[in-house]
Amino acid sequence: MNMNKTEDYYERLAEEFKKSKEAIDNLTKRQNAMKAELVEAIKENGYEDDKGHMWYKIGATELKYERRVSRSFNAEAAEQWARGLGIWDDLKKVVETIDEDKLLGYAWNHKDQEDVIQGFYNEKETWAFKV
């Protein structure tokens, strides 16, 4: 322990930290409520631009409700389609990779290789602060 600081100091610091965390949580809740209300106002009163974003100008403030679109590939549906057309063999890709379960089974049966196999695993240490 730092000799210049007393246990009483750290106790007060921890209490202040907890209070500031509660205040931040309360502000975040309030901020989310305000945002939800402003989004409703944009939807009701705003206009849409050519990219699908919604805009609402209130005095000197311009609010934007940004449209974001993400795409994901449905490999299952594509496979069914390709199989249905009989072109699956033309479109599929075979990827060779190691089977971790088989590797661990090998390690179980070959104890002399266990250290080598354990070396294939990377460990990451993280810390979490809790009060």
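- No more than 12 heavy atoms of other residues, nucleotides or ligands lie within 6.0 Å of CD in Glu11, so this atom counts as exposed by the packing criterion.
- Atoms NZ and CZ, from Lys92 and Arg83 in turn, are 7.5 Å apart once rounded to the nearest 0.5 Å.
- In terms of heavy-atom proximity, Gly46 sits nearest to Tyr56 at CA-CB, 4.1 Å.
- No more than 12 heavy-atom neighbours from other residues, nucleotides or ligands sit within 6.0 angstrom of NZ on Lys102.
- The environment of NZ in Lys57 is crowded: more than 12 heavy-atom neighbours from other residues, nucleotides or ligands sit within 6.0 Å.
- Distance check, rounded to the nearest 0.5 Å: CG of Leu104 to CD of Glu114 gives 9.5 Å.
- Linking ILVMFWY side-chain heavy atoms closer than 4.5 Å, directly or via other members, places Ile58 and Ile42 in a single hydrophobic cluster.
- Inter-residue side-chain proximity for Arg67 and Val69 is flagged as met; some heavy-atom pair is nearer than 4.5 Å.
- Residues Leu27 and Met34 are members of separate hydrophobic clusters, defined by side-chain heavy-atom contacts under 4.5 angstrom among Ile, Leu, Val, Met, Phe, Trp and Tyr.
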Would Glu100 and Phe120 satisfy side-chain contact (heavy atoms from CB on, under 4.5 Å), going step by step from the backbone distance to the final call? CA-CA 10 Å; Glu100 187 178 356; Phe120 299 143; over 6 Å; no
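- Note that CG of Asn74 and CD of Gln80 are 8.0 Å apart. Values are rounded to the nearest 0.5 Å.
- Counted within 6.0 Å of CG on Asn109, heavy atoms from surrounding residues, nucleotides or ligands total more than 12; the atom is thus considered enclosed.
- Under a 3.5 Å cut-off, the side chain of His110 and the backbone N or O of Tyr106 do form a donor-acceptor pair.
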Between Thr126 and Lys124, does a side-chain contact (heavy atoms from CB on, under 4.5 Å) hold up when you go through it step by step? CA-CA 7 Å; Thr126 60; Lys124 180 182 173 188; 4.0 Å; yes
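- Residue Glu62 places its CD atom among more than 12 non-hydrogen atoms of other residues, nucleotides or ligands, all under 6.0 Å distant.
- When the side chains of ILVMFWY residues are joined at heavy-atom separations under 4.5 Å, either directly or via intervening members, Leu63 and Tyr47 end up in two distinct hydrophobic clusters.
- Other residues, nucleotides and ligands contribute only 12 or fewer heavy atoms inside 6.0 Å of the NZ atom of Lys35.
- Tyr10 and Val131 fall into different hydrophobic clusters, where Ile, Leu, Val, Met, Phe, Trp and Tyr are joined by side-chain heavy atoms under 4.5 Å apart, directly or via other members.
- Here the closest non-hydrogen pair linking Lys111 and Trp108 is CE-O, 3.4 Å.
- Look at Glu15 and Arg12 and you find no salt bridge, because none of the NZ, NE, NH1 or NH2 atoms lies under 4.0 Å from a carboxylate O.
- Counting heavy atoms from C-beta outward, Tyr65 and Leu38 have side chains that stay 4.5 Å or more apart.
- Within 6.0 Å of CD in Glu66 there are more than 12 heavy atoms belonging to other residues, nucleotides or ligands.
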Between Lys18 and Glu22, does the salt bridge (charged side-chain N to carboxylate O under 4.0 Å, His left out) criterion hold? Intermediate values first, please. CA-CA 6 Å; Lys18 288 194 301 189; Glu22 290 170 6; over 6 Å; no
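- Note that CD of Glu48 is 9.5 Å distant from NE2 of His53, once rounded to the nearest 0.5 Å.
- Between Phe129 and Phe17, the ring-plane angle classifies as perpendicular under the 30° and 60° cut-offs.
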